[in-house]
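Worksheet: the structure to be examined is printed underneath.
Remember, it's a predicted structure, so these values are computed and weren't measured experimentally. Numbering starts at 1 and runs along the sequence shown.
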Amino acid sequence: MTTIEDERFLREAIQLAREGMNSNQGGPFGCVIVRDGEIVGKGCNRVTSTNDPTAHAEVVAIRDACQNLDSFQLDGCTLYASCEPCPMCLGAIYWARPSRIVYAAEHTDAADAGFDDSFIYKELEKKHEERHIPMQQLLRNEAGQVFREWVALEKRMPY
């Protein structure tokens with residue numbers, strides 16, 4: 001159910017997108033993360049200004065919120081994005097586990113502006129060796145040993 005508060009915070013995300021774009025930080029994307037009616041994290045796209053292809057608005061906002069909340073989880077938070085999250089951001093959002101996502105523009109709007117991520121969805125459906133960037137697996141048993149050590153670790157912090 002949409003609320004006036006949802007619209008207010010979504011407009012904040014849209015404004016961050018505009019500000020980031022106009023200050024040459026990166027593409028036209030913004031995000032705010034809210035808990036209990038307060039913004040706990042925010043970010044705009046900073047890919048080109050930081051030379052970091054992972055510095056999408058949602059990832060920047062997640063990093064900010066997690067630092068501010070001193071937690072690697074966003075329980076009880078709502079993520080407001082100026083655009084439907086891309087596959088990378090969606091993965092980060094699921095790992096952060098907010099309660100919900102509210103977004104404005106659709107991924108097709110981003111594609112029309114030159115930010116088309118449909119090829120990533122298509123790549124995920126292909127066999128590893130048929131992808132644009134081929135993948136090869138080696139040393140599975142050695143790496144698997146680290147996972148077995150993790151499972152046996154008494155002081156591990158599950159997440």
Side-chain angles (χ1 to χ4, degrees), residues 1-126 128 131-135 143 146-147 150 156-159:
M1 183 165 117
T2 303
T3 67
I4 298 294
E5 191 171 80
D6 286 337
E7 292 180 7
R8 182 182 80 153
F9 289 123
L10 201 49
R11 284 189 177 98
E12 292 258 356
I14 294 167
Q15 185 57 31
L16 277 171
R18 182 175 288 113
E19 289 171 8
M21 174 188 68
N22 288 332
S23 63
N24 294 319
Q25 292 187 58
F29 302 94
C31 181
V32 297
I33 298 173
V34 176
R35 184 178 353 178
D36 298 326
E38 298 291 325
I39 294 176
V40 295
K42 60 184 177 178
C44 63
N45 182 290
R46 295 174 188 237
V47 169
T48 56
S49 63
T50 62
N51 294 319
D52 179 355
T54 69
H56 289 200
E58 296 90 337
V59 173
V60 172
I62 288 168
R63 290 173 181 162
D64 187 41
C66 287
Q67 184 167 356
N68 291 335
L69 295 172
D70 194 29
S71 175
F72 54 84
Q73 306 264 278
L74 297 177
D75 300 324
C77 293
T78 299
L79 183 142
Y80 295 91
S82 65
C83 185
E84 181 178 359
C86 76
M88 178 188 70
C89 291
L90 195 57
I93 291 165
Y94 270 86
W95 280 114
R97 296 180 177 95
S99 298
R100 60 195 279 258
I101 303 166
V102 180
Y103 65 92
E106 293 184 351
H107 71 276
T108 54
D109 300 318
D112 290 344
F115 300 95
D116 189 1
D117 56 13
S118 63
F119 75 96
I120 296 173
Y121 292 104
K122 292 174 187 168
E123 285 287 297
L124 292 173
E125 295 174 1
K126 295 179 181 177
H128 290 167
R131 293 181 179 171
H132 182 74
I133 301 173
M135 295 176 67
V146 178
F147 287 118
W150 167 259
R156 73 176 186 266
M157 181 175 289
Y159 60 96

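Under the side-chain hydrogen bond (donor to acceptor under 3.5 Å, both in side chains) criterion, T54 pairs with D52, R63, not counting sequence neighbours. With sequence neighbours left out, D117 forms a side-chain hydrogen bond (donor to acceptor under 3.5 Å, both in side chains) with no residue at all. Take R11 and apply the salt bridge (charged side-chain N to carboxylate O under 4.0 Å, His left out) test, not counting sequence neighbours, and it matches E7. Under the ring pair (Phe, Tyr, Trp, His ring centres under 6.0 Å) criterion, F115 pairs with F29, sequence neighbours left out. Applying the side-chain contact (heavy atoms from CB on, under 4.5 Å) rule to M135 yields the partners H128, R131; only residues at least two apart in sequence or on another chain are considered. Residues satisfying the salt bridge (charged side-chain N to carboxylate O under 4.0 Å, His left out) test with K126, not counting sequence neighbours, are E123.
Put simply, the side chain of L69 reaches to within 4.5 Å of the side chain of L74, judged on heavy atoms. You'll find the side chain of I39 reaches within 4.5 Å of the side chain of F9, heavy atoms only.
The SG atom of C31 lies 12.5 Å from the NE2 atom of H56; values are rounded to the nearest 0.5 Å. Taking CZ of F119 as the reference point, atom NE2 of H132 lies at 8.0 Å (rounded to 0.5 Å).
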Can you give the donor-acceptor pairs under 3.5 Å from side chains of residues 76-83 to other protein atoms, not counting sequence neighbours?
| from | atom 1 | to | atom 2 | distance (Å) |
| --- | --- | --- | --- | --- |
| Y80 | OH | D6 | OD1 | 2.5 |
| S82 | OG | G30 | N | 2.9 |
| S82 | OG | G30 | O | 3.4 |

Tabulate below the donor-acceptor pairs under 3.5 Å that side-chain atoms of residues 85-92 make, not counting sequence neighbours, or state none.
none

Identify every side-chain donor-acceptor pair in residues 15-23 under 3.5 Å, counting partners at least two apart or on other chains, and give the distances.
| from | atom 1 | to | atom 2 | distance (Å) |
| --- | --- | --- | --- | --- |
| Q15 | OE1 | R18 | NH1 | 3.3 |
| Q15 | NE2 | E19 | OE2 | 3.2 |
| N22 | ND2 | R18 | O | 3.3 |
| S23 | OG | E19 | O | 2.9 |
| S23 | OG | G20 | O | 3.4 |
| S23 | OG | Q25 | NE2 | 3.0 |

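Between A65 and I33, the shortest heavy-atom contact is CB-CD1, 3.9 Å. The two residues A104 and I14 have their closest heavy-atom pair at CB-CD1, 4.0 Å. G26 and T48 get closest at one heavy-atom pair: CA-OG1, 3.4 Å.
The main-chain N or O of D64 is found under 3.5 Å from a side-chain atom of N68 such that the two form a donor-acceptor pair. Under the 3.5 Å distance criterion, the side-chain polar atoms of N45 are left unmatched by any main-chain donor or acceptor of A57.
Within the structure, the salt bridge (Lys or Arg N to Asp or Glu O under 4.0 Å) test picks out no pair touching residues 32-43 (sequence neighbours left out). The stretch residues 82-114 participates, sequence neighbours left out, in no ring pair (Phe, Tyr, Trp, His ring centres under 6.0 Å) pair at all. Among residues at least two apart or in separate chains, there is no salt bridge (Lys or Arg N to Asp or Glu O under 4.0 Å) pair with a member in residues 66-86.
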